[in-house]
Amino acid sequence: MLLAWSKMQQVISRRVGVHICNVSTSRSRLALQVRCMSRFADVAQAPPDPILGVSEAFRASTSPSKLNLGVGAYRDEDLKPVVLSVVKKAEAKIFSRNENKEYLSIEGFEPFRKATLDLLLGAGHPAIKEGRAAVIQSLSGTGSLRVGAAFIARFLKGSTVYISNPTWGNHRNIFGDEGVKWEYYRYFDPETVGLDFKGLMEDLKAAPQGSVVVLHGCAHNPTGVDPTPEQWAAIADLCQERNLLPFFDVAYQGFATGDLDKDAFAPRLFVDRGLEIMVSQSYSKNLGLYGERVGALVMVLKDKETATRCLSQLKRLARALYSNPPTHGARIAAEVVNDSELFEEWKGEMRGMAGRIERVRGELQRALEAKCPDKDWSFITKQIGMFSFTGLTPSQVDNMTNKHQVYMTRDGRISLAGLNSAKVEYLANAIVDSVRNH
Ligand code: PLA
């Protein structure tokens with residue numbers, strides 16, 4: 001009897017989506033207590049995001065000494081978020097014009113699209129003049145990568161996307177969620193704490209013709225290690241020989257050297273060699289527009305006709321993903337880049353941000369050298385951009401967080417944009433304790 005009931009329970013549960021949690025018989029009637037069960041009861045809990053989950057954990061901590069070196073978001077010397085002065089000025093101009101909130105076109109705000117190409121290729125570049133650069137404003141770097149991934153899934157069917165090992169963790173999700181196959185290429189050599197150039201070249205040589213290669217435009221995340229100009233040239237040659245499509249992720253233009261043009265060296269080199277490229281651009285870090293979601297996907301192509309067709313398809317993809325991009329951040333970026341006075345001022349502010357990060361890099365290295373002289377800490381100032389890839393193991397990272405309240409990603413990356421001089425000593429002590437005792 002009991003067995004029959006439990007069978008029936010299962011059948012009913014499956015058929016009508018209710019879970020009979022308690023069945024009892026009484027003399028007068030059969031009492032069925034049913035509890036409605038969600039049709040999503042089988043949805044498993046997703047793990048926290050390896051980067052943004054760190055910010056959540058940081059916010060939840062009540063420790064007064066907590067330090068967030070997880071997400072790559074710039075902070076000032078008081079560790080407060082920064083709104084750039086040029087952004088405030090641009091906003092004042094925008095507000096004074098009392099503009100409307102109409103939809104933008106699918107491809108985005110025209111002055112922003114122009115500004116974005118100027119920034120990437122340099123104003124007056126032949127590819128811009130010849131109209132062979134397709135550009136669609138999208139939802140910052142991530143959204144632009146995702147539109148690019150959707151384009152690859154649809155028009156380069158079956159191609160594999162090669163991403164560096166290691167890379168920004170979301171690359172795997174972005175391509176994977178679009179059903180695009182991805183593989184790693186070697187990038188980082190822990191022995192030298194530098195680029196594994198030989199491994200990189202070997203892996204890309206072995207990649208099937210027509211594969212896509214994701215390259216970080218500058219300030220590689222998480223390693224802070226970039227190819228030299230000569231190495232970039234060799235990678236460009238290889239892409240040409242093997243018919244590989246370079247897909248540049250430009251999320252830190254201005255943060256590697258403090259100079260926008262120098263930081264665009266690699267994509268410009270590839271374009272000048274006649275390669276077709278895809279590029280995702282983000283204004284999150286260099287203009288500090290994180291939450292405004294400002295960025296673009298660019299395709300630099302052989303001719304105008306191809307660019308027109310590709311843009312039409314990018315618009316088709318974006319229409320179904322989010323329809324059209326947000327206005328406010330694009331207006332800010334366009335205002336800054338297209339106004340020569342604000343543009344110069346922005347460059348100064350960017351040098352200020354890059355300079356502050358460079359200064360704390362030096363301070364951290366010196367503090368570690370003083371406390372732990374038997375270890376080579378020179379990698380800290382050799383690495384560039386926002387991050388330092390410390391080599392701390394996951395269990396050492398756990399010690400950093402659990403014992404010292406230093407929040408960082410488990411791959412051992414720390415964001416130096418979240419460090420100030422006052423906290424250098426504290427951080428160095430935590431690192432030394434973790435390295436020595438774990
Ligand atoms: N590409 C790379 C290489 C990045 O590091 C990031 C951001 C993005 C794209 C996307 O940024 P966007 O969508 O805001 O334009 N990486 C951060 C934040 C700063 C994050 O993980 O989203 C990081 O801490 O790695």
Side-chain angles (χ1 to χ4, degrees), residues 47-58 68-75 81-82 108 112 116 119-120 136-149 161 163-175 177 182 187-188 213-226 246-256 263 266-267 278-298 321-322 325-326 329-330 332-333 353-354 357 383-390 407-419:
D49 183 77
I51 298 174
L52 300 185
V54 172
S55 299
E56 286 168 28
F58 173 80
N68 188 6
L69 306 183
V71 70
Y74 185 78
R75 302 282 178 260
V82 174
F112 170 83
T116 292
L119 212 58
L120 178 68
I136 184 165
Q137 180 194 335
S138 191
L139 306 182
S140 209
T142 309
S144 305
L145 281 162
R146 183 65 186 254
V147 173
V161 171
I163 57 178
S164 63
N165 189 11
T167 189
W168 178 52
N170 214 17
H171 281 151
R172 292 190 298 267
N173 302 332
I174 290 168
F175 292 104
D177 284 8
W182 61 266
Y187 191 84
F188 183 70
V213 185
V214 174
L215 299 160
H216 295 222
C218 67
H220 182 272
N221 176 10
T223 65
V225 175
D226 282 358
F247 189 166
F248 283 96
D249 182 350
V250 177
Y252 298 93
Q253 191 178 352
F255 261 97
D263 286 0
M278 292 176 77
V279 187
S280 72
Q281 278 172 275
S282 166
Y283 289 85
S284 290
K285 271 71 72 171
N286 54 15
L287 255 181
L289 290 177
Y290 307 91
E292 297 288 358
R293 313 310 292 142
V294 196
L297 179 75
V298 173
L321 285 166
Y322 54 84
I332 297 170
M353 291 191 282
I357 294 173
Q383 294 167 342
I384 57 167
M386 274 195 165
F387 304 108
S388 178
F389 202 46
T390 61
Y407 287 80
M408 57 187 284
T409 53
R410 284 193 101 225
D411 58 1
R413 182 190 90 168
I414 53 175
S415 167
L416 293 165
L419 181 65

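Note that the structure is a prediction, hence the values are computed from the model and not measured. Just follow the structure's listing: the first ligand is 1, and inside any ligand the first atom is 1.
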ask   = Near S282, which atoms of ligand 1 are under 4.0 Å from a heavy atom of that residue?
value = 12 (P), 15 (O)

note = CG of N68 to OH of Y407, rounded to nearest 0.5 Å, is 9.0 Å

task = For V71, counting its heavy atoms only, list the atoms of ligand 1 lying under 4.0 Å from any of them.
result = 18 (C), 24 (O)

inquiry  = Would R293 count as a polar contact of ligand 1, with the cut-off being nitrogen or oxygen pairs under 3.5 Å?
reply    = yes

request  = Look at the aromatic rings of H171 and F175 and report parallel, tilted or perpendicular, splitting at 30° and 60°.
outcome  = tilted

message = Pair Y290, S140 - check side chain to side chain contact (heavy atoms under 4.5 Å, CB included), show working.
response = CA-CA 8 Å; Y290 307 91; S140 209; over 6 Å; no

Any N/O pair L139/ligand 1 closer than 3.5 Å = no

query = Got the closest protein heavy atom to atom 11 (O) of ligand 1, with its distance?
reply = K285 NZ, 3.3 Å

task = Could you list which atoms of ligand 1 come closer than 4.0 Å to a heavy atom of S140?
result = 12 (P), 13 (O), 14 (O), 15 (O)

query = So do the side chains of F248 and M278 get within less than 4.5 Å of each other, counting heavy atoms only?
reply = no

request  = Give the numbers and elements of all ligand 1 atoms closer than 4.0 Å to a heavy atom of S284.
outcome  = 12 (P), 14 (O), 15 (O)

request  = Compare F387, Y290, W168, Y252 and give the one whose heavy atom is closest to atom 22 (O) of ligand 1.
outcome  = W168

request  = Indicate yes or no: does an N/O atom of L145 lie under 3.5 Å from an N/O atom of ligand 1?
outcome  = no

Where ligand 1 meets G141 - atom numbers and elements under 4.0 angstrom, heavy-atom basis = 12 (P), 13 (O), 15 (O)

task = Measure from the ring center of F387 to the ring center of F255 and say whether it is less than 6.0 Å.
result = no

message = I want to confirm something. Looking only at heavy atoms, which of T142, T167, V294, T409 is nearest to atom 10 (C) of ligand 1?
response = T142

query = Residues two or more places apart in sequence or in another chain: which of them pass salt bridge (charged side-chain N to carboxylate O under 4.0 Å, His left out) with R75?
reply = none

request  = Under the salt bridge (charged side-chain N to carboxylate O under 4.0 Å, His left out) rule, collect the residues that match up with R146, sequence neighbours excluded.
outcome  = E178

remark   = the protein heavy atom lying closest to atom 19 (C) of ligand 1 turns out to be G72 O, 3.4 Å

query = Got the closest protein heavy atom to atom 2 (C) of ligand 1, with its distance?
reply = D249 OD2, 3.4 Å

Check against side-chain hydrogen bond (donor to acceptor under 3.5 Å, both in side chains), H220 and T167 = CA-CA 8 Å; H220 182 272; T167 189; 4.8 Å; no

key: R413: numbered ligand 1 atoms lying under 4.0 Å from its heavy atoms   = 23 (C), 24 (O), 25 (O)

key: Evaluation steps, side-chain hydrogen bond (donor to acceptor under 3.5 Å, both in side chains), between Y283 and T116   = CA-CA 9 Å; Y283 289 85; T116 292; 2.8 Å; yes

